[in-house]
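What you see below is based on every heavy atom in this structure, not just the backbone, and it leaves out hydrogens, waters and symmetry mates. One-based numbering, in listed order, for ligands and for the atoms of each. Quick caveat, the model's predicted, so the values are computed rather than measured.
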Amino acid sequence: MDVQPLGPAAQDFLDVMAEVCTPVTVVTTIDDGVPHGTTVSAFTSLSLRPPMIAVALDLTSDLLVKIRRTRRFGVNVLGVSQDRLAVQFAGKGSDKFAGVAWSPDEGLPRLVDAIGWLSCRAESFLDGGDHVLIPGRVESAVALPAAPLAYHRRVFGTHSGFLGSTA
Ligand SMILES: Cc1cc2nc3c(=O)[nH]c(=O)nc-3n(C[C@H](O)[C@H](O)[C@H](O)COP(=O)(O)O)c2cc1C
């Protein structure tokens with residue numbers, strides 16, 4: 001695949017998106033008995049009836065190849081103390097689960113201490129430029145409320161309510 005240089009508009013686009021605070025998730029699947037996972041911030045809620053979410057994966061993602069095969073994936077929403085996991089799963093290779101505490105849930109890799117867990121069926125694979133958008137039908141969901149890991153200006157942090165907020 002030819003990699004085109006970024007034009008000025010694309011750099012402005014990146015600068016705007018860096019201002020957008022995003023969640024940090026590790027999206028996982030098990031292909032041929034082997035777990036694989038990738039750090040993903042392009043994760044959003046999509047529909048309530050039926051419950052659906054969407055993730056976007058780069059065309060070069062190994063996880064994308066595996067999800068095209070398995071048609072199922074898990075979303076682990078990371079908590080504030082899991083930035084090390086976010087870095088580990090942002091790497092390449094087949095050993096990203098080394099030293100990671102996880103267990104299978106509905107046949108998908110669920111990370112211990114993730115603050116949210118969704119097991120999903122991939123509904124389709126939609127062209128999104130250099131990414132592929134995957135709408136996922138949510139089959140099960142578990143929330144373990146705690147402070148979230150967030151990503152803003154290429155730095156990990158968290159969210160907290162305004163002083164005095166009761167939320
Ligand atoms: C905070 C953060 C967010 C990321 N979000 C995405 C994303 O939404 N989609 C994506 O394809 N890659 C994303 N990445 C990059 C992938 O994690 C990285 O390219 C990874 O090596 C891909 O692994 P794979 O080829 O095993 O799938 C993100 C990386 C970081 C650090």
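Using a 4.0 Å cut-off between heavy atoms, A86 makes no contact with ligand 1 at all.
In this structure, the protein non-hydrogen atom closest to atom 5 (N) of ligand 1 is S41 N, 3.0 Å. Taking atom 25 (O) of ligand 1 as the reference point, the nearest protein heavy-atom neighbour is K92 NZ, 2.4 Å. Atom 12 (N) of ligand 1 has as its closest protein heavy atom T39 O, 3.9 Å. Protein heavy atom closest to atom 22 (C) of ligand 1, with residue, atom name and distance, is T38 CG2, 3.6 Å.
Between F97 and F89, the ring planes lie perpendicular to each other; the angle is over 60°, past the 30° to 60° tilted range.
More than 12 non-hydrogen atoms from other residues, nucleotides or ligands lie less than 6.0 angstrom from CG of D15. The number of heavy atoms from other shown groups lying within 6.0 Å of NE2 (H159) does not exceed 12.
The shortest N/O to N/O separation between G91 and ligand 1 falls below 3.5 Å. Residue L63 places at least one N or O, backbone or side chain, under 3.5 Å from an N or O of ligand 1. Checking only distances, L57 never comes within under 3.5 Å of ligand 1, N or O to N or O. The N/O atoms of A90, backbone and side chain alike, include one that comes under 3.5 Å of an N/O atom in ligand 1. On a distance-only criterion, Y151 and ligand 1 share no N/O pair closer than 3.5 Å.
Hydrophobic clustering (side-chain heavy atoms under 4.5 Å, transitive across Ile, Leu, Val, Met, Phe, Trp, Tyr) groups F73 together with V77.
Under a 4.0 Å criterion applied to the non-hydrogen atoms of D58, ligand 1 contributes the atoms 10 (C), 11 (O). Near K96, meaning under 4.0 Å from one of its heavy atoms, ligand 1 places the atoms 23 (O), 24 (P), 26 (O). Within ligand 1, counting atoms from 1 as listed, the ones closer than 4.0 Å to a heavy atom of A42 are 8 (O). Listed by number with element, the atoms of ligand 1 under 4.0 Å from a non-hydrogen atom of A56 are 7 (C), 8 (O), 9 (N), 10 (C), 11 (O).
Using a 3.5 Å distance cut-off with no hydrogens or angles, the side chains of D31 and T29 do not pair a donor with an acceptor.
The side-chain heavy atoms of R84 and F156, taken from C-beta on, include no pair separated by under 4.5 Å. Looking at R68 and V132, their side chains come closer than 4.5 Å, going by heavy atoms from C-beta outward. Side-chain atoms of P148 and T158, non-hydrogen and from C-beta on, do get closer than 4.5 Å to each other. A heavy-atom distance below 4.5 Å is not found between the side chains of V34 and S94.
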